[in-house]
Amino acid sequence: MAAMEGEHKHNDNKELEPLLVYGPPLVFQLFESNNSHKYHFLKAFSSHLPLLQFLTTQNVEPSSIRAILCNPHQKVTADVIKTLPSLSIVVTTSIGMDHIDLPECHSRGVRVVSIGAMFADDVADMAMGLLIDVLCNISAADRYVRNSVPSKLWNLPLLGSKLGGKRVGIVGLGRIGGEVAKRLEAFDCIIMYHSRNKKPLVSYPFYSNIVELASNSDVLVLCCALTEQTRHIVNKEVMLALGKEGVIVNVGRGALINENELVQCLTKGEIKGAGLDVFENEPNVSKELITMDNVVLSPHAAALTSDCFYDTCDFVSKSLEEFLYK
Ligand SMILES: O=CC(=O)O
């Protein structure tokens with residue numbers, strides 16, 4: 001466990017009451033790596049432990065926690081919320097909010113603030129990176145070179161394929177999906193999308209049925225939020241419709257895809273490949289996926305850029321200060 005404590009003055013020079021904030025270590029690295037930032041809301045605790053376990057093992061009084069800082073790996077369940085009588089705000093350093101029990105927050109009057117679309121560019125870059133990697137076998141070729149001897153260097157047993165001209169179905173045309181579309185246009189891709197509703201200002205073809213989208217696409221890029229409606233939105237039927245040359249990229253949430261069915265389809269050659277930044281049972285990654293050369297894996301890292309870190313630091317500080325001290 002790491003603890004940070006400090007004495008800081010608010011803008012109006014009024015001494016702040018100590019505020020307990022709890023969050024996972026990665027989030028707190030933001031503050032540690034940005035020394036110039038004013039820690040208005042200390043004391044803060046960070047731990048890898050789930051919050052309820054943290055409270056009991058570290059002997060922290062639940063009623064002293066007024067704010068939670070979390071990321072998608074930190075579940076803010078109804079039990080967590082009920083255990084913290086003074087909780088008044090949850091700030092998540094993520095776009096997605098599926099790790100937070102929103103109805104419980106709402107009924108308790110706990111405010112929830114998410115980073116919104118701040119990371120859209122970075123996540124869209126990751127989607128493009130994964131897609132180009134799968135199509136051009138970059139990671140597989142990298143492994144080949146590292147394990148090769150000079151006489152075999154040119155014998156790579158894989159053929160790539162170009163992105164240009166591919167028909168790409170974007171699932172979820174919000175800010176991230178929109179940024180993905182912008183990038184795909186530069187590659188002369190044919191873009192279409194599926195989302196809850198047709199977007200009146202968007203000219204790309206809209207498919208209300210994801211199976212139809214898949215059967216008209218070479219690639220599916222998943223950018224939507226995980227909800228009860230989108231859980232397993234990509235299942236065997238969708239993958240069979242995408243077809244043997246089809247590629248799936250997921251920068252949304254792992255459970256958007258039925259991962260068992262994905263493994264089966266990849267194993268049987270029913271789709272060609274996948275680029276995954278997220279997994280259904282994080283932090284566990286299916287053993288089969290790990291062995292596949294046509295699959296590119298990334299550890300939920302699309303927003304782990306230095307740009308995101310600085311923006312997040314500002315955002316979190318402002319959100320907490322505004323809500324708690326104004
Ligand atoms: O997973 C990351 C996010 O939701 O921002």
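Sequence positions, counted from 1, serve as the residue numbers for this chain. Atoms within each ligand, like the ligands themselves, are counted from 1 in listed order.
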_Restricting to side-chain contact (heavy atoms from CB on, under 4.5 Å), what partner residues turn up for K198, sequence neighbours left out?_
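Expected list: Y193, F206.
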*Sequence neighbours excluded, which residues qualify as side-chain contact (heavy atoms from CB on, under 4.5 Å) partners of I290?*
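Expected list: V285, L297.
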*Could you tell me which non-hydrogen atom of A274 sits nearest to which non-hydrogen atom of V134, and how far apart they are?*
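What the structure gives for the nearest pair is O-CG2, 3.3 Å.
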*asked:* Taking E185 first and then K182, would you say they form a salt bridge - that is, a charged N and a carboxylate O separated by under 4.0 Å?
replied: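 Salt bridge absent between E185 and K182.
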*asked:* With a 4.0 Å heavy-atom cut-off, what residues sit around ligand 1?
replied: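 Near ligand 1, by chain and number: P72, S94, I95, G96, F119, R253, H300.
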*Excluding sequence neighbours, so at least two apart, what forms ring pair (Phe, Tyr, Trp, His ring centres under 6.0 Å) with H300?*
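Testing H300 for ring pair (Phe, Tyr, Trp, His ring centres under 6.0 Å), a comparison that skips the adjacent residues, returns H73.
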*Identify the residue among D311, D125, D121, D122 that makes a side chain to side chain donor-acceptor pair (under 3.5 Å) with T305.*
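Answer after filtering D311, D125, D121, D122: D122.
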